[in-house]
Amino acid sequence: MGIYNFKNIEQKWQEHWKSNELFKVTEDDSKQKYYVLDMFPYPSGAGLHVGHPLGYIASDIVTRYKRLNGFNVLHPMGFDAFGLPAEQYAIQTGKHPAITTEANIKRYKEQLNRIGFAFDWSREVQTCDPSYYKWTQWIFSEFFNAWYNKKTNKAESIDQLISIFEIEGNVNIEYHGDPCESFTGEDWENFSAQEKENILQCYRLAFQKETSVNWCPELGTVLANEEVKDGKSERGGYDVIQKKMSQWYLRITAYADRLLDGLNKIEWSESIKEIQRNWIGKSEGASLHFKVKGSAADIEVFTTRPDTVFGASFMVLAPEHELISSISTDSEKEAVQAYIDRAQSKSERERMMNKEVSGCFTGAYAINPFNQKEIPIYIAEYVLAGYGTGAIMAVPAHDERDHAFAKKYNLNIVQVVEGKESVNIQEASYDAKEGRMINSEMINGLDVKNAIRATIQFAEEKGFGTRTINYKLRDAGFSRQRYWGEPFPILHKDGIPSLVDELPVTLPDVQSYEPAGTGESPLARVEDWVNTPEGRRETDTMPGWAGSSWYFLRYMDPNNDEAFASPEKLKYWNQVDLYMGGAEHATGHLLYSRFWTKFLYDLGRIDFDEPFKKLINQGMIQGQSRVINFIRLSFSGSFWGDNPSFPDPNEVFGRVLLTGKLAQFLQNASNQDFVKLKFEEIFLKKYKKYKVTNNEISGSLHPQIPSDLDPIEVIRIPLEFVDKNGSVNFELFLKENKYNLPENTSIFDLSEANEIIEYHEESTEVHKNYFQAGIITEKMSKRWGNVVNPDDVCDEYGADTLRLYEMFLGPLQDSKPWSTQGIDGTHRFLKKLWNLCFDQDGNFLITDETPSKDSLKSLHKTIKKVSDDIEQFSFNTSVSQFMICVNELSSQNCKSKSIIEPLLILLSPFAPHISEELWEKLGNTESILNAQWPEYDESQLVESVKLYPISINGKTRTQIEFPLDMDKNTISEKVLEDEVVQKWLEGKAPKKIIVVPGRIVNLVI
RNA sequence: GCGGAGAUGGCGGAAACGGAAUACGCGCCUGACUUAGAAUCAGGAUUUUGAGAGUUCGAAUCUCUCUCUCCGUACCA
């Protein structure tokens, strides 16, 4: 037992924790609750890599810390188990996604348990389990049965809405939804069932809408945006076209303002909040109506700058705009149609990538309602149908895009805002948000802010415009034409969708996972499932984010069959106090969860309207790939003559050796010599170092390849050729020469770029090919062969080392590359701790001896630092503090139980296994999990004296010890008497003496 | 373009409040133990905080200007 046998220890305690159910929590009103949650993992076939546990380790530390501080901590784990990869795999192999998913989950759990996480597995949930998705379907049903009342500003029951319709129709209803003609109570009674449902679809929070989707005829399926690349399917590269299909939507736009406001009351990183704000994209402005000359048509535009309306010299409609065909003149019709056809054949992506200015005149003219001026109407791709009204008034003088368009089509550019400096408006637009109005009739002279106000007021009085708020946020598409997802609890009969009463609607088995070829999901082919006496089942399934939008609620009461969770448990566990996860879900999961939470709050099901009180985004752990960069370098330069031109050091790397004539000359040259000056100025200045020996001057150029010098080719070296210290076995790699490198290729490391370039001729020309070893940091992925498996780290060093090391790497929130190089240090620390407690023969050394004052100081310093650090999620500095403490205790030869015991409690959240083992050795029979966090005693740290640094003009020159309670004047006097100080003063009196008690003394002379 | 974060030794990174810059770890060098390696122990070196200015007795920290890097997002009117 002399050595630290982490394997036995870790296995022993993992079994102990499991068999004694030590991680199981129940609601307990006598204790304060704390809810720690990790983002829901999708169990991929690749298993975990070392980047995944980073957040889990951090949240586990907080869990154990809070528990030691007396909190009742909920720390569950489960799986977001519906998803595309399992389905793709099923299509290829015919294997049921449920089977692969189950196998992957098993693997994940094994990997997680090896790291010793304190998860309460009894609360595990899986989104693909019918007992779980029953409630996902139930929540969808609630959305279907709800509408958004703008008067009360919350979601309400659709039944109540119907009873209002029955009495007074919809005239007094203010709602958020699709536009709907007004009707009376009598009208409502006379509507057919179909008509009634059509109206209700405008109100429901879950509704169907015909929209265009990315349809791939070759694959016979609808594709998600991220599956489409440059207008082709990512898989197969087939053409993707836009096809109109009926899709389900959730009316998230009703919550836009509340989603925006709610950001102010949650502790999330500013960057994530900002991303959500931008995504919601609230902008205030005006909608203005322009009449079309010689037509009854009226075009509504949205603008945030109504003040610039007098500078509007043309109008642009999106190619999809519905009025185009009715206003285009006969002479332009053909060209307009051609332009529209061209625009529609492009994918959304192509349109975004193509920045070229293009457009087409419709032949029609709009009338500016402010001054009755006629302005031409164009159509152009740069105006998006989906934003605002799909039409803009173009103000080329003050909008860059409008300016570019005006230039291309030779349209008028009229300046209406004047800034401080004069600008040439014909050259470039002046997109200023401040300034004074000119050329603008009644608003001339006003500043922008007041001009906006005045313009809107004027428009409202005359009835051709209103103040309007616009959002970028769109309603959330909720349909997927897939098999492996939650079925909708919906039946269609006579074109009317209705809810299924009995939940869950379970996923049937299918013969084939291939899409049905009609654009519908594989479910459409299961005739006996689809066709029921009550109607035809909805065959779409829900998107991946459905199950993950509410899973944190299910953990509170995972086996409840009566409700998604009981009101009592929802009340007890409440919000998630700490949510740990990656930043990549900023606009997906994190926004949808907030939306669902607000909805359930409106229904009175929960009494909080934000799901995650505090959010910490752990950084990504990247992989390091060793590579060979194939580079071609050429440069030339001449060193002699009247006009020497040195090669730009930025273009060269390697080591430069100057020999012969030039070196000799440079050494002998006087300092004023032109060549020498030039040489030093251009060349050597940019070297890190250079030295002159004998007849040589050598210097290292850039230790790195200049960033603008792209390698012609990058070859990745598999990890098997890289040892623990990161050195690459190039010989072996080259021997296996799978990459057809030229014979006799030599490869050099970045650190020793040893290609020597000699300059000794009058001029030098170099054209060389290099094979240079390098490291690139990139995402860990199977594809790059740079994945590090935590199992391997556990095998070699143990879980406690892995946990400590991941925390020690750097601040939690930062991204950092994984490197095996530092891991020995943390492992060594655990061994040092072990050796503090055991001698070489395995005798336990800890006794009841009274601790020294120094040891008490080391302990209490650690209590303070670690407690503070955990509160601030600064785990890397806690690990440092543990190292410092153990180093100090070792040199103090501390064997005192009263020091080691509390230290183990502090360490147990970080390295739980070794802490439990030593804790038991100290004679404790109950798990360290149930111990109490030690209290920091400030009196142990109080010093009576302080070694003051004495600085003169800001630079430390000596140190003198003074009692801490000594007053400023006495310190000043004593300092002046000091020998070293006297020497610096040279007999003069200092101008000023600054004494900061307990810190520093500074003399100004 | 817009938004966010950041720049400290050879490397990862420490430094509430402005008060001894580089704690802790890795790597490197020297020495001890050892047949040798591994392990362990003792000792050592490097840099002046991206650049420039300002405030201050004193700036990594505060203010301004600039440069660069990473991340997110983008024809949003």
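This is a predicted model, so every value here is computed, not measured.
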Residue pair A:Tyr382 / A:Asp402, side-chain donor-acceptor N/O under 3.5 Å: yes
N or O in side chain of A:Lys992 less than 4.0 angstrom from B:C57 OP1/OP2: yes
Under 4.0 angstrom between A:Arg828 side-chain N/O and B:C26 OP1 or OP2: yes
Watson-Crick or G-U wobble mate for B:A20, both contacts under 3.5 Å: none
Toward the 5' end of RNA chain B, by each residue's nearest nucleotide, A:Asp399 or A:Gly825: A:Gly825
Sugar-phosphate only, base, or nothing, as touched by A:Leu809 at under 4.0 Å among non-hydrogen atoms: sugar-phosphate
Length of the CD-C1' vector between A:Gln276 and B:G3, whole Å: 14 Å
Donor-acceptor contact present, side-chain A:Asp814 to main-chain A:Gly619, <3.5 Å: no
Sugar-phosphate only, base, or nothing, as touched by A:Val996 at under 4.0 Å among non-hydrogen atoms: base
Nearest to side-chain heavy atoms of A:Ser880, which nucleotide of B:A77, B:C24, B:A14: B:C24
Between B:G13 (P) and A:Ile621 (CD1): distance, integer Å: 11 Å
Under-4.0 Å side-chain N/O to phosphate OP1/OP2 contact, A:Asn887 with B:G25: yes
Watson-Crick or G-U counterpart of B:C41, or none if no pair lies under 3.5 Å: B:G31
P-based separation of B:C24 from B:U63 [nearest Å]: 31 Å
Heavy-atom donor-acceptor pair, A:Gln813 side-chain to B:A5 base, under 3.5 Å: no
Interatomic distance, A:Ile823 CD1 vs B:C11 C1' [rounded to whole Å]: 16 Å
Given B:G72, B:A77, B:G4, the nucleotide with the shortest approach to the side chain of A:Ile275: B:G72
A:Tyr430 OH - B:A77 C1' separation (whole Å): 19 Å
Touch class at under 4.0 angstrom, heavy-atom based, for A:Arg277 against every strand present: nothing
C1' gap between B:U61 and B:A74, integer Å: 35 Å
From CG (A:Asp824) to OH (A:Tyr797), nearest 0.5 Å: 4.0 Å
Sugar-phosphate only, base, or nothing, as touched by A:Glu270 at under 4.0 Å among non-hydrogen atoms: nothing
Spacing of A:Tyr378 atom OH relative to B:C75 atom P, expressed in whole Å: 24 Å
P-based separation of B:A59 from B:G52 [nearest Å]: 15 Å
Partner nucleotide of B:C70 by Watson-Crick or wobble geometry (both distances under 3.5 Å): B:G4
Span that lies between the P atom of B:C62 and that of B:U69, in whole angstrom: 24 Å
Length of the line joining A:Glu961:CD and B:A20:C1', which is rounded to integer Å: 15 Å
Touch class at under 4.0 angstrom, heavy-atom based, for A:Pro817 against every strand present: nothing
Given RNA chain B, 5'-ward residue of the pair A:Asn278 and A:Phe302, judged by closest heavy atom: A:Asn278
Between A:Ser283 and A:Tyr387, a side-chain donor and acceptor under 3.5 Å: yes
Nearest-nucleotide pick for A:Asn1002, side chain only, options being B:G58, B:G25, B:G13: B:G58
Integer angstrom distance from the P of B:C76 to that of B:G18: 42 Å
Whole-Å distance separating the CD atom of A:Glu284 from the P atom of B:A77: 12 Å
B:A45 to B:U35 separation - C1' atoms, rounded to the nearest Å: 32 Å
For atom CE of A:Met620 and atom C1' of B:G72, their distance in whole Å: 12 Å
Nearest listed nucleotide, side chain of A:Ile1000, among B:C76, B:A20, B:A15: B:A20
Rounded C1' spacing from B:A5 to B:G9 in Å: 24 Å
Options B:C76, B:G4, B:A77, nucleotide nearest the side-chain atoms of A:Lys472: B:C76
Nucleotide opposite B:A14 in a Watson-Crick or G-U pair, distances under 3.5 Å: none
N-O pairing of A:Lys816 and A:Glu806 below 4.0 Å: no
Rounded C1' spacing from B:G50 to B:A7 in Å: 6 Å
Syn-anti status, with the boundary at 90° from 0, for the nucleotide B:G9: syn
Closest listed nucleotide, where the reference is the side chain of A:Phe808 and the choices are B:U40, B:C24, B:A14: B:C24
Whether A:His827 and A:Tyr4 hold their rings parallel, tilted or perpendicular, with breakpoints at 30° and 60°: tilted
Donor-acceptor pair, side chain of A:Thr862 and main chain of A:Cys885, under 3.5 angstrom: no
Given B:G25, B:A23, B:A20, the nucleotide with the shortest approach to the side chain of A:Ile884: B:A23
Pairing residues for A:Tyr936 by the ring pair (Phe, Tyr, Trp, His ring centres under 6.0 Å) criterion, not counting sequence neighbours: none
Closest nucleotide among B:G25, B:C76, B:A14 to the A:Asn876 side chain: B:A14
